[in-house]
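The analysis underlying the following values was restricted to heavy atoms, covering all of them including side chains, and did not include hydrogens, waters or symmetry mates.
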Amino acid sequence: MLGLAAPTDPAWAKRVLADVDELLVDHAHCEKKAAGMAVQLIFRYTQHAFLHEPLSRLAREELAHFEEVLGHLEARGVTFRSLKPSPYAGRLREPVRSAEPERLVDTLLVCSLIEARSCERFKQLADAATDPALAHFYKGLLACEARHHQVYVDLAERLAPAHAVRERLRELAIHEAEVLKDVPPMPRMHA
């Protein structure tokens with residue numbers, strides 16, 4: 001359903017939960033960036049009215065998640081701060097084609113893969129977290145991330161035939177799995 005080419009190593013959750021405070025700071029940045037990307041697509045592609053409402057809704061939801069993560073940080077006495085980001089998202093965008101509408105299709109599919117990977121990892125965190133509030137929080141995000149993944153795929157299918165979108169998603173998912181293998185281990189959502 002999520003279109004991922006390879007699963008996350010089961011040891012990932014235990015490794016990143018060893019530095020849960022830094023993981024939460026990174027998670028807050030991820031939610032903020034996800035909201036920003038949705039808004040950026042609305043601004044960049046004003047001619048595609050079909051993007052506006054779903055991406056506006058998605059951006060608001062991502063900002064609500066950002067606020068929830070900030071609440072968890074505050075409850076833990078952790079200050080939200082800048083972090084060195086994982087190279088994951090930047091590397092994931094490398095094969096995005098430059099001509100339109102392929103560029104938009106690829107960008108939407110890259111966003112869908114980030115959401116899919118987040119969904120998969122939130123499930124691992126929900127299962128592995130020893131803090132019940134954190135486990136509940138991550139479990140509560142699963143459906144949203146799966147839905148966000150599907151929103152991006154559905155939007156891509158407004159620009160290209162479904163079979164072409166599925167094939168391109170498969171190609172990008174293979175690339176995503178390779179990128180993930182090369183990302184250095186850090187307490188990050190996508191490392």
Do side-chain atoms of [X] reach the backbone of [Y] as a donor and acceptor pair under 3.5 angstrom?
X: His148; Y: Glu115; value: no
X: His65; Y: Ala35; value: no
X: His175; Y: Arg91; value: yes
X: Arg188; Y: Lys84; value: yes
X: Ser56; Y: Glu53; value: no
X: Asp106; Y: Arg97; value: yes

N-O pairing of Glu61 and Arg147 below 4.0 Å:
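The answer is yes: the pair qualifies as a salt bridge.
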Before accepting this row, confirm whether a basic side-chain N of the pair Arg76/Asp131 lies closer than 4.0 Å to the acidic partner's carboxylate O.
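Salt bridge between Arg76 and Asp131, a charged N being under 4.0 Å from a carboxylate O: yes.
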For the residue pair [X] and [Y], what are the closest heavy atoms and their distance?
X: Ser86; Y: Met186; result: CA-SD, 4.3 Å
X: Ser82; Y: His29; result: CA-NE2, 3.9 Å
X: Ala38; Y: Ala59; result: CB-CB, 3.9 Å
X: Thr130; Y: Pro132; result: O-CD, 3.3 Å

Is the ring centre of His52 less than 6.0 Å from the ring centre of Tyr45?
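Judged by ring-centre distance (under 6.0 Å), His52 and Tyr45 do not meet the cut-off.
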Starting from the C-alpha separation in whole Å, work towards a yes-or-no answer on side chain to side chain contact (heavy atoms under 4.5 Å, CB included) for Leu104 and Leu51.
CA-CA 11 Å; Leu104 178 54; Leu51 294 174; 4.1 Å; yes
Decide yes or no for Glu176 and Val110: does some side-chain heavy atom of the first lie under 4.5 Å from some side-chain heavy atom of the second?
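The answer is no; the side chains never approach within 4.5 Å.
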Should we count [atom1] of [X] as having more than 12 external heavy atoms under 6.0 Å?
X: Lys33; atom1: NZ; value: yes
X: Lys123; atom1: NZ; value: no
X: Glu100; atom1: CD; value: yes

Using the side chain to side chain donor-acceptor pair (under 3.5 Å) rule, take Thr107 and Arg103 through it: C-alpha gap first, then chi angles, then the decisive distance, then the call.
CA-CA 6 Å; Thr107 300; Arg103 178 180 178 195; 5.0 Å; no
Do you reckon Leu70 sits in the same ILVMFWY cluster as Val25, going by side-chain contacts under 4.5 Å, direct or chained?
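In one cluster: yes.
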For the pair Leu155 and Leu41, evaluate side chain to side chain contact (heavy atoms under 4.5 Å, CB included) and give the outcome as yes or no after the intermediate values.
CA-CA 12 Å; Leu155 292 173; Leu41 288 169; over 6 Å; no
Check Phe122, Trp12, Tyr88 against His190 for a ring pair (Phe, Tyr, Trp, His ring centres under 6.0 Å) and give me the one that passes.
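Going through the options one by one, the only one that passes is Tyr88.
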Show your working on side chain to side chain contact (heavy atoms under 4.5 Å, CB included) between Leu24 and Leu134 and close with a plain yes or no.
CA-CA 10 Å; Leu24 283 167; Leu134 216 49; 4.0 Å; yes
Could you tell me how the ring of Phe80 sits relative to the ring of Phe66: parallel (under 30°), tilted (30 to 60°) or perpendicular (over 60°)?
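Rings of Phe80 and Phe66: perpendicular, over 60°.
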Please walk me through it: do His27 and Tyr138 pass ring pair (Phe, Tyr, Trp, His ring centres under 6.0 Å)?
CA-CA 11 Å; His27 181 183; Tyr138 282 119; 5.4 Å; yes
